[in-house]
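A quick write-up on the structure given underneath.
Convention: sequence-line order gives letters A, B, ...; per-chain numbering from 1. These numbers were taken from a predicted model, which means no experiment stands behind them.
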Amino acid sequence: MSVENPRPGGAVTSDKPDAETPARLRDFSFRYRAQSEPTLRGIDLTVRRGEKIAIVGPSGCGKSTLLGALNGLVPHVHAGEASGSIEVFGTDPAAAPIIETSRRVGTVLQDSSGQFVGLTVAEDVAFSLENQQVPHAQMPGRVAGAARAAGIADHLDASPQQLSGGQKQRVAIAGVLVDDVEMLLFDEPLAMLDPAAGRAAVELIDDLHREQGRTIIVVEHRLEDLLHRPLDRIVLMDEGRIVADLPPDELLASPLLREHGIRPPLHVEALRLAGAPVTADQHPADLPRMELSSAQREAVRTWVESATPGQSRHTATAAQPTSHDALPALDLEHVGAILRRPGASADVRALRGVTARIRRGEMLGVIGSNGAGKSTLARVISGFEKATEGVVRIGGADAASWPLAEHGAHVGFVLQEPGQMLSQPLLEEEIRLGLRARGLDAEEIERRTARVLEVTDLRPMRSWPVSALSHGQRKRLSIACVLALEPEILILDEPTAGQDFAHYSEFMDFLARIHAEGTTIVLITHDMHLALEYTDRVLVISGGELLADTDPAAVLTDEFLAERADLVVTGLFTLARRCGIPDPIALVHRFVAADRAERALPTASGEDAR
Amino acid sequence: MTAPLLEYVERPGLLHTLTGTAKLVLTIAMVLAAMISFDVRFLAALGVLSLIGWALSRVRLRDLATVLWIILTFMALNNLLIFVFAPGYGSELLGARHVVVQGPGRWDLTQEQLFYQLAVTLKYFAMLPAVLLFVATTRPPEFASSLHRIGVPYKVAFAVSLALRFIPDIQREMRTISQAQQARGLDISRKVGLVTRVRNVVSTLMPLLLGSLDRIETVSSAMELRGFGRGRHRTWYDVKPMRLRDWSTILGALAVVAASIVMVVVDGGRYWNPFEA
Amino acid sequence: MSPRISPVTRVVAIGIGAALFFVLGRFLAIPTPIPNTTINLQYAVLAVFAVLYGPLVGVLAGLIGHVLVDATGFGMWPTWETGSAVFALIVGLVMLHNHVREGEFPRPTLVRFVLAVVVANAVTWVLWAPIGDVLIMGEPASKVFTQGVIAFVVNSVTAAVLGGIILGIYARSRTRTGSLTLDR
Ligand SMILES: Nc1ncnc2c1ncn2[C@@H]1O[C@H](COP(=O)(O)OP(=O)(O)OP(=O)(O)O)[C@@H](O)[C@H]1O
Ligand SMILES: Nc1ncnc2c1ncn2[C@@H]1O[C@H](COP(=O)(O)OP(=O)(O)OP(=O)(O)O)[C@@H](O)[C@H]1O
Ligand SMILES: [Mg+2]
Ligand SMILES: [Mg+2]
């Protein structure tokens with residue numbers, strides 16, 4: 001089915017309620033009860049039947065709030081004041097019960113583990129059917145169908161604890177697919193997924209759109225991954241307003257994304273930095289088919305060749321020689337971990353024979369597919385999980401018998417899930433908690449608190465309760481709490497998940513800075529570009545085993561490794577191929593250097609100083 | 001903070017093939033009957049019935065080892081306490097006194113006391129295996145639909161299912177939170193004094209609670225978005241059709257309750273008293 | 001002011017309250033020198049749920065949670081399981097019409113809470129459970145009343161102190177209408 005969608009803004013919209021239009025907002029504003037300022041301001045947006053729209057914008061700009069307004073959570077669950085008009089299929093979701101709206105609008109919420117309400121996958125997928133009193137006999141067929149479409153049919157009997165983050169995401173999608181809803185809302189469906197699973201999810205969403213003609217709205221920070229399949233429009237939000245609503249090609253060719261702190265896809269950025277920016281009519285949104293003029297190819301080639309040798313390598317590798325002879329910060333010898341599962345199900349061997357040595361002052365990446373064992377490795381190093389085999393040495397000493405507090409004194413660990421770290425009602429108290437436990441004096445506590453609030457850009461909200469923070473803001477708070485402790489070794493589990501580019505680069509640059517001062521940093525990430533840009537070395541984990549311990553660039557060029565670790569090459573690789581550059585890594589390094597120069601990085605100067 | 005002591009045992013036996021509904025009715029009947037009667041013969045018969053159920057279910061002793069150990073300790077302690085507090089209660093109840101062993105003060109051991117304490121113990125043992133057996137042979141997803149079928153409102157039945165769904169999550173979360181707090185320097189080991197420890201326990205409990213209260217919001221939003229509470233009724237994915245053996249089980253269950261009432265009438269009270277002349 | 005608690009939220013509160021009761025009751029029991037008696041954190045949490053979500057949620061969360069604890073470990077002891085429900089019922093009833101959810105936990109509410117907890121514990125552990133034990137389980141009165149009084153004292157102190165602290169922190173984490181601004 002291929003319906004030609006009318007262009008937005010072109011059509012004349014009438015004022016009559018229209019049961020056929022999925023969503024129409026006119027000058028819509030919303031203020032949360034607790035807030036003094038509105039979170040959404042003067043939103044004008046019309047979504048037509050069969051459209052596929054992406055919403056992007058900085059963390060905390062109101063994307064989830066906007067989806068909430070469409071499905072009725074705002075104001076039914078999150079109370080507040082609205083003004084202007086909103087219509088979803090011709091009715092105001094604020095006036096109708098949520099249940100009425102949910103007949104036509106399906107939502108996959110930002111936190112997919114909170115969406116899982118069944119004891120098994122099958123039961124969870126069937127949940128909506130049960131509520132509609134679908135006869136028992138019809139359920140297995142419909143559940144199996146939806147599970148197949150979402151690619152989770154093999155796990156129908158699994159309980160939520162047995163699934164990885166990515167699999168839970170699929171269950172959530174299957175749960176809305178069983179219903180014949182007309183519009184689907186996805187709130188950051190890719191945040192937890194590895195690159196390959198992310199692609200699969202994008203393809204699944206696209207199938208729903210093309211084959212079943214459903215209207216789709218996706219909120220996502222990973223714009224480049226989302227563009228793997230075509231979009232009709234991209235809505236750019238900032239501070240509660242819609243600042244652009246354009247077809248992807250036009251938006252990518254404009255400077256708007258960068259102006260609002262969103263990173264455009266890497267190939268678009270590379271062309272701009274090379275001095276040969278794309279135009280909208282070259283279709284930059286679809287990289288494989290993007291038209292490139294020979295002048296642009298030539299410009300990229302000369303740009304890459306112009307790299308000075310000193311520029312090609314980026315991070316503070318300079319720190320290495322000095323620390324070479326010192327004791328390693330971390331020394332893992334044949335580390336294995338067996339996780340006990342309650343009851344009848346077999347225990348899980350989450351790690352097996354991992355041997356690695358991490359030098360003092362190194363910045364190391366850990367990559368691998370969903371469920372590979374990355375978080376488990378971090379938990380073992382931080383003492384949250386006992387290594388059932390092998391030895392973990394921290395600063396040369398066997399850490400097996402250390403109490404957790406001793407681990408904590410050496411290793412700062414930012415958990416993947418911020419909710420598990422936050423315990424205080426107010427944001428500032430959360431940061432001070434650990435500092436007080438360390439017995440620091442008031443002045444020092446103030447100094448450190450102020451510093452991390454600045455770095456994580458939470459200063460404007462410092463007196464807020466934690467419950468009023470958006471997802472990305474919570475994650476930044478959990479990072480701030482650990483940064484404040486100034487540990488020698490810092491492990492961050494997916495620090496950039498759900499972050500916009502401006503915040504991401506702000507604290508990544510801070511990490512690079514403290515790394516230059518000597519902190520050892522371990523980054524667990526699904527973002528290959530992050531690994532390429534900031535780390536000197538990556539550990540590739542697959543099925544609990546260490547697959548490789550190598551240069552990040554080497555991982556991407558090694559097909560076997562990339563496949564085993566579910567990695568997907570970034571747009572820069574495709575661009576290199578299309579420009580006839582034999583060594584894509586050279587392009588990546590050139591890109592990173594130019595990107596940094598543009599942002600005038602402090603690390604760059606720090607590096608030169610050595 | 002280990003696994004639950006007892007849970008569903010995946011080793012299909014006869015009891016596994018019954019519907020949860022039938023087993024639930026039987027369990028309730030056994031508990032009710034054991035509550036009503038105090039006739040040792042009847043209680044012993046109920047105990048034997050449970051043992052037969054165990055044999056049919058292919059649940060192994062090993063599956064229940066921890067639980068049985070706890071129960072035995074508990075029973076021993078309870079018996080001891082009863083004797084300490086009321087060594088003459090048996091005689092009082094049964095109207096006779098045959099001393100077996102002379103004890104210090106009023107703590108003489110009498111036949112009547114032994115008989116009475118046997119009854120209390122048997123009562124407990126008649127009540128308990130049925131419940132354990134139900135848990136060991138019924139898949140948790142079937143709990144809720146079974147409760148709904150015997151007349152519990154579906155919202156309450158679903159709340160039971162939610163409780164089972166979130167127990168493992170909360171357990172793991174409790175562990176992680178306590179670790180994250182300890183890693184940040186809050187000591188809850190035995191090294192620190194009681195007051196500090198209590199304070200630090202609160203700082204573990206707080207995030208668990210605040211997190212749970214937050215979770216109530218998200219989960220209920222998610223459920224509402226998927227139409228929970230839409231109708232007056234609800235169907236269930238995990239439900240087995242009632243067959244002949246289920247109806248016979250229910251009939252048997254009713255007979256058990258009836259028997260307990262009959263015993264009360266026959267004995268002229270809840271106790272059967274062999275000491276009465 | 002704040003919206004009424006929706007029925008779906010109540011259902012979830014029952015489920016998660018019961019799960020918390022189970023986890024705390026099973027894994028966080030701090031033993032006391034008196035046999036069969038532990039410091040029970042779960043009653044503090046149950047009291048908090050009864051305050052925040054009302055008596056009905058409290059009753060069902062206590063009942064379901066306690067039955068789950070017992071059914072997976074100790075078998076059944078009906079008078080104690082229903083005791084948890086009675087406790088939550090009384091706390092919930094005495095605390096009706098509080099404004100803790102809106103962030104208000106003034107001294108009078110705290111006093112009412114302490115009172116509610118003490119009364120509820122008295123009724124549950126000095127009346128309901130022992131009388132039930134005598135009538136149904138045929139236990140001797142002197143034993144069960146002694147146990148009941150000890151449970152009353154221990155549970156009153158833990159539930160009042162811990163519950164009070166929890167409600168205080170919770171109230172502070174709730175924000176008043178229109179109070180949040182960005183300090184730039
Ligand atoms: N329940 C709430 N009460 C008060 N303020 C809230 C509430 N939820 C969100 N906010 C505020 O509203 C703003 C927008 O939040 P929202 O969750 O919509 O952001 P978002 O764009 O989805 O961000 P993210 O990408 O981090 O998920 C944030 O500044 C947040 O602090
Ligand atoms: N508490 C647990 N009990 C049992 N199994 C677990 C537990 N936690 C994780 N697992 C299993 O261990 C394996 C490794 O999990 P881990 O969380 O380390 O993966 P990961 O590499 O961090 O994945 P992701 O990228 O999705 O975060 C997975 O198969 C998972 O199902
Ligand atoms: Mg959001
Ligand atoms: Mg992980």
- Task: Write out, in numerical order, the residues from residues 112-123 of chain B with a heavy atom short of 4.5 Å from a heavy atom in chain C.
- Result: B:Tyr116, B:Val120, B:Lys123

- Going by atom types alone, do B:Ser220 and C:Thr9 pair a side-chain donor with an acceptor below 3.5 Å? yes

- Query: Any side-chain donor-acceptor pair under 3.5 Å between C:Asp133 and C:Thr79?
  - Reply: yes

Where on [X] is there a heavy atom nearer than 4.5 Å to chain C: the side chain, the backbone, both, or neither?
{"X": "B:Tyr89", "result": "side chain"}
{"X": "B:Phe228", "result": "both"}
{"X": "B:Met35", "result": "both"}

Largest heavy-atom contact set with chain C, pairs under 4.5 Å, which of [options]:
{"options": "B:Leu162, B:Ile170, B:Ile216", "result": "B:Ile216"}
{"options": "B:Leu210, B:Val31, B:Val219, B:Leu209", "result": "B:Leu209"}
{"options": "B:Glu217, B:Lys155, B:Arg165", "result": "B:Lys155"}

Find the one option among [options] whose heavy-atom pairs under 4.5 Å with chain B are most numerous.
{"options": "C:Gly15, C:Pro7, C:Ala44, C:Pro140", "value": "C:Pro140"}
{"options": "C:Ile165, C:Leu52, C:Ile169", "value": "C:Ile169"}
{"options": "C:Ile14, C:Val45, C:Leu20, C:Leu60", "value": "C:Leu20"}
{"options": "C:Val161, C:Val144, C:Leu68, C:Ile64", "value": "C:Ile64"}

- Which distance, rounded to the nearest 0.5 Å, do you find between the CH2 of B:Trp54 and the CG of B:Leu133? 7.0 Å

- Message: Would you compute the distance between atom CG of C:Leu41 and atom CG of C:Leu46 and round it to the nearest 0.5 angstrom?
- Response: 12.5 Å

- Only one of C:Trp125, C:Trp80, C:Phe152 passes ring pair (Phe, Tyr, Trp, His ring centres under 6.0 Å) with C:Tyr43; say which it is. C:Trp125

- Between B:Arg215 and B:Glu173, is there a salt bridge with N-O shorter than 4.0 Å? yes

- Query: Once the angle between the rings of C:Phe21 and C:His66 is folded into 0 to 90°, is it parallel (under 30°), tilted (30 to 60°) or perpendicular (over 60°)?
  - Reply: tilted

- Item | Considering all heavy atoms, the nearest C:Ala159-C:Phe87 contact | CB-CZ, 4.4 Å

- Task: Of all the heavy-atom pairs spanning C:Gly17 and C:Phe49, show the shortest one and how long it is.
- Result: CA-CE2, 3.6 Å

- Check the pair B:Tyr154, B:His233 against ring pair (Phe, Tyr, Trp, His ring centres under 6.0 Å), reporting the backbone distance first and the verdict last. CA-CA 7 Å; B:Tyr154 80 80; B:His233 294 283; 7.6 Å; no

- Within 6.0 Å of CZ in B:Arg232, more than 12 heavy atoms from elsewhere: no

